[in-house]
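Below you'll find the structure, written out as structure tokens, and then a few comments.
Letters A, B, ... mirror the listed sequences (proteins, then strands); counts begin at 1. Being a predicted model, the structure only gives us computed values, none of them experimental.
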Protein chains: 2
Amino acid sequence: MKSITDCTACPLRKSEVFRSLDARELGFVASMKSGEMRVAPRTRVLDEGVNSPHVFTVLSGWGLREKSLADGRRQILNFVLPGDLVGLQAAMFDAMDHSVEALTDMTLCVFPRREIQRLFHDRPSLGFTVVWHAARNERLLDATLMSVGRCTARERIARALLTIYGKARRIGLSEADGTLSAPITQQHLADALGLSLVHTNRTLKGMVADGLLKWRASRLQLCDEDRMRDIAQMEATAPTALPLI
Amino acid sequence: MKSITDCTACPLRKSEVFRSLDARELGFVASMKSGEMRVAPRTRVLDEGVNSPHVFTVLSGWGLREKSLADGRRQILNFVLPGDLVGLQAAMFDAMDHSVEALTDMTLCVFPRREIQRLFHDRPSLGFTVVWHAARNERLLDATLMSVGRCTARERIARALLTIYGKARRIGLSEADGTLSAPITQQHLADALGLSLVHTNRTLKGMVADGLLKWRASRLQLCDEDRMRDIAQMEATAPTALPLI
DNA sequence: CGAGTCCTTGACCATAATCAAGATATGTGG
DNA sequence: CCACATATCTTGATTATGGTCAAGGACTCG
């Protein structure tokens with residue numbers, strides 16, 4: 001059996017990016033945690049159509065949330081990073097309607113779905129945190145739907161990269177020189193934006209040529225964030241502490 | 001001052017479509033309700049970018065949730081119907097990142113956003129219900145994003161109509177003859193699906209010609225639901241009781 | 001160094017957008 | 001009840017964004 005991270009010594013909580021929990025909240029989370037799961041890249045953490053007995057918090061690594069059609073078409077719904085709560089649907093409905101897949105090695109805290117009920121009753125403040133996560137996710141989806149529905153390829157890419165980059169930087173995943181090591185291929189980006197791989201590639205090249213970004217060997221760098229925001233029609237957002245479960 | 005519906009006599013709760021609350025839950029909801037709001041078609045109930053002090057439950061009427069870009073492009077995120085909870089974001093974040101607009105005359109129960117905090121502490125089971133709504137909304141968004149990102153115009157329309165029709169029928173808005181009176185124009189459908197009005201119109205006509213549906217004078221009828229589901233690649237879902245706040 | 005994955009490019013095609021204008025409804029005030 | 005105004009729907013012509021097909025090149029990793 002692998003060593004399991006104790007919630008009180010959680011590496012994420014140490015960071016000031018995450019909102020700290022009071023002793024009772026922390027105690028509850030610790031009591032709810034039934035284990036830790038480590039998965040390799042390309043592993044499915046949750047499976048569309050299947051009833052999962054677990055809800056997870058991402059401790060480390062990158063993953064993605066996706067949905068597929070019977071004929072193989074797929075849509076990436078969003079990327080998941082440390083601190084994200086995944087599989088909440090499993091606690092609410094009979095079956096998952098999307099999958100979660102690892103992009104890198106991932107470690108996830110495992111919570112039995114039944115404990116979520118108990119969470120609301122025993123630690124209401126954590127219940128509020130769960131909704132916060134759900135609401136935040138909905139915001140992200142709203143923005144992505146707007147992108148995919150109404151924006152050009154270049155705009156979509158600008159929006160997606162700003163979003164991913166912002167999310168990663170916020171939790172300290174970017175380097176001092178402003179680059180970000182992201183395990184994302186152009187195919188991923190295409191599948192997240194409703195574009196074809198070929199068109200994504202060409203558009204991306206154009207943006208590189210225009211000095212907007214660099215992206216070599218899965219190292220992403222936004223060279224001109226201001227101009228990117230202009231294209232994306234997105235404002236910078238002030239960071240607030242992220243509640244972590 | 002208009003007469004306000006008492007929660008214990010709520011017309012929605014009478015219906016067996018909605019999950020009934022126990023006495024304490026009902027009492028809490030009643031105590032939380034600060035008023036009722038009636039709005040005319042095209043009125044904004046919630047405004048993108050603005051901090052709303054209220055959260056609402058739709059009592060009657062149709063509305064939509066939308067998001068706009070500075071240059072006027074807009075994306076309809078989904079349609080809202082009686083029983084839906086709107087503005088939850090207002091209770092979680094500083095500003096709304098989408099708007100809610102009435103399509104018909106609407107009546108909404110008004111809850112002060114601060115009460116949501118209290119709800120979690122005083123009636124945890126209602127907290128669970130709030131998350132249920134958030135999770136359900138996320139499901140809907142996931143499905144729509146998949147539509148807009150990866151489906152053809154005909155598929156998107158089939159999916160959207162099945163979704164809207166299903167949602168409305170479930171709460172008893174459809175007629176005995178299978179028709180549904182929906183206050184939705186082709187422009188709305190286009191804006192919800194990331195399509196142009198012209199292309200939506202042509203695609204719709206083709207579907208009418210193929211005997212899939214009828215849509216005259218804002219009366220929608222799905223003539224061949226099975227075939228629609230084939231096109232949409234969507235299964236029929238078994239209805240469960242909807243929790244209402 | 002060989003296999004797989006990922007990226008790149010060219011040629012061609014299709015779905016859907018845009019532009020423009022006219023036809024039907026729907027609604028309102030006189 | 002009619003005339004006018006506005007919203008919605010319909011259709012044609014043209015264009016463009018982005019998809020598909022195909023194939024070669026460049027990494028990466030064991």
Rounded interatomic separation in angstrom, taking [atom1] from [X] and [atom2] from [N]:
| X | N | atom1 | atom2 | result |
| --- | --- | --- | --- | --- |
| A:Glu155 | D:dG18 | CD | C1' | 14 Å |
| B:Trp215 | D:dT10 | CH2 | P | 10 Å |
| B:Leu220 | D:dC9 | CG | P | 12 Å |
| B:Asn201 | D:dT11 | CG | P | 7 Å |
| A:Leu204 | D:dT17 | CG | C1' | 17 Å |
| A:Ile184 | C:dC7 | CD1 | C1' | 16 Å |
| A:Asp191 | C:dC6 | CG | P | 12 Å |
| A:His188 | C:dC7 | NE2 | C1' | 14 Å |

C:dT9 phosphate, OP1 or OP2: any side-chain N/O from A:Lys205 under 4.0 angstrom?
yes
Under 4.0 Å between a side-chain N or O of A:Gln186 and OP1 or OP2 of C:dT5?
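Checking C:dT5 against A:Gln186, no side-chain N or O comes under 4.0 Å of OP1 or OP2.
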For the residue pair A:Glu36 / A:Thr5, report whether a side-chain donor-acceptor contact shorter than 3.5 Å exists.
yes
Does a donor on one side chain and an acceptor on the other come within less than 3.5 Å for A:Asp177 and A:Gln221?
no
Salt-bridge criterion met for A:Arg169 and A:Glu175 (N-O under 4.0 Å)
no
Taking NZ, NE, NH1 and NH2 as the nitrogens, is one of them in B:Arg44 or B:Glu66 under 4.0 Å from a carboxylate oxygen of the other?
yes
Find every protein N or O atom lying less than 3.5 Å from an N or O atom of nucleotides 15-17 of chain C, and list the pairs.
| residue | atom | partner | partner atom | Å |
| --- | --- | --- | --- | --- |
| C:dA16 | OP1 | B:Ala153 | N | 2.9 |
| C:dA16 | OP2 | B:His199 | NE2 | 3.2 |
| C:dA16 | O5' | B:His199 | NE2 | 3.3 |
| C:dA17 | OP1 | B:Gly194 | O | 3.3 |
| C:dA17 | OP1 | B:Ser196 | N | 3.1 |
| C:dA17 | OP2 | B:Ser196 | N | 3.0 |
| C:dA17 | OP2 | B:Ser196 | OG | 2.8 |

Give a yes or no on whether the backbone of [Y] and the side-chain of [X] come within a donor-acceptor separation of less than 3.5 Å.
| X | Y | result |
| --- | --- | --- |
| A:Glu48 | A:Ser68 | yes |
| B:Thr57 | B:Ile245 | yes |
| B:Arg38 | B:Thr107 | no |
| A:Lys67 | B:Leu145 | no |
| B:Lys167 | B:Phe79 | yes |
| A:Asp224 | A:Arg227 | yes |

Divergence of helical axes at both termini of the helix from C:dC7-D:dG24 to C:dG30-D:dC1 - five pairs an end, 10° steps:
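It works out to 50° between the end axes.
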Tell me the side-chain hydrogen bond (donor to acceptor under 3.5 Å, both in side chains) pairs involving residues 192-204 of chain B, sequence neighbours left out?
B:Gln186-B:Asn201
Identify, residue by residue, the members of residues 140-148 of chain B with a heavy atom below 4.0 Å from DNA chain C, and return them in order of residue number, or none.
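Those residues: none at all.
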Taking only nitrogen or oxygen atoms into account, show me every contact under 3.5 Å that the protein makes with nucleotides 25-30 of chain D, one pair per line with its distance.
none

Side chain of B:Arg42 - closest among C:dT9, D:dT10, D:dT8
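For B:Arg42, the side-chain atoms sit closest to D:dT8.
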Under the side chain to side chain donor-acceptor pair (under 3.5 Å) rule, what do A:Ser147 and A:Glu155 come out as? Steps first, then yes or no, please.
CA-CA 8 Å; A:Ser147 280; A:Glu155 289 166 344; over 6 Å; no
Determine which pairs satisfy salt bridge (Lys or Arg N to Asp or Glu O under 4.0 Å) with at least one residue from residues 140-152 of chain A, sequence neighbours left out, and list them in order.
A:Asp142-B:Arg65, A:Arg150-B:Asp191
Within a strict 4.5 Å, meaning less than it, do heavy atoms of the A:Thr179 and A:Arg216 side chains meet?
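Not touching, per the 4.5 Å side-chain cut-off.
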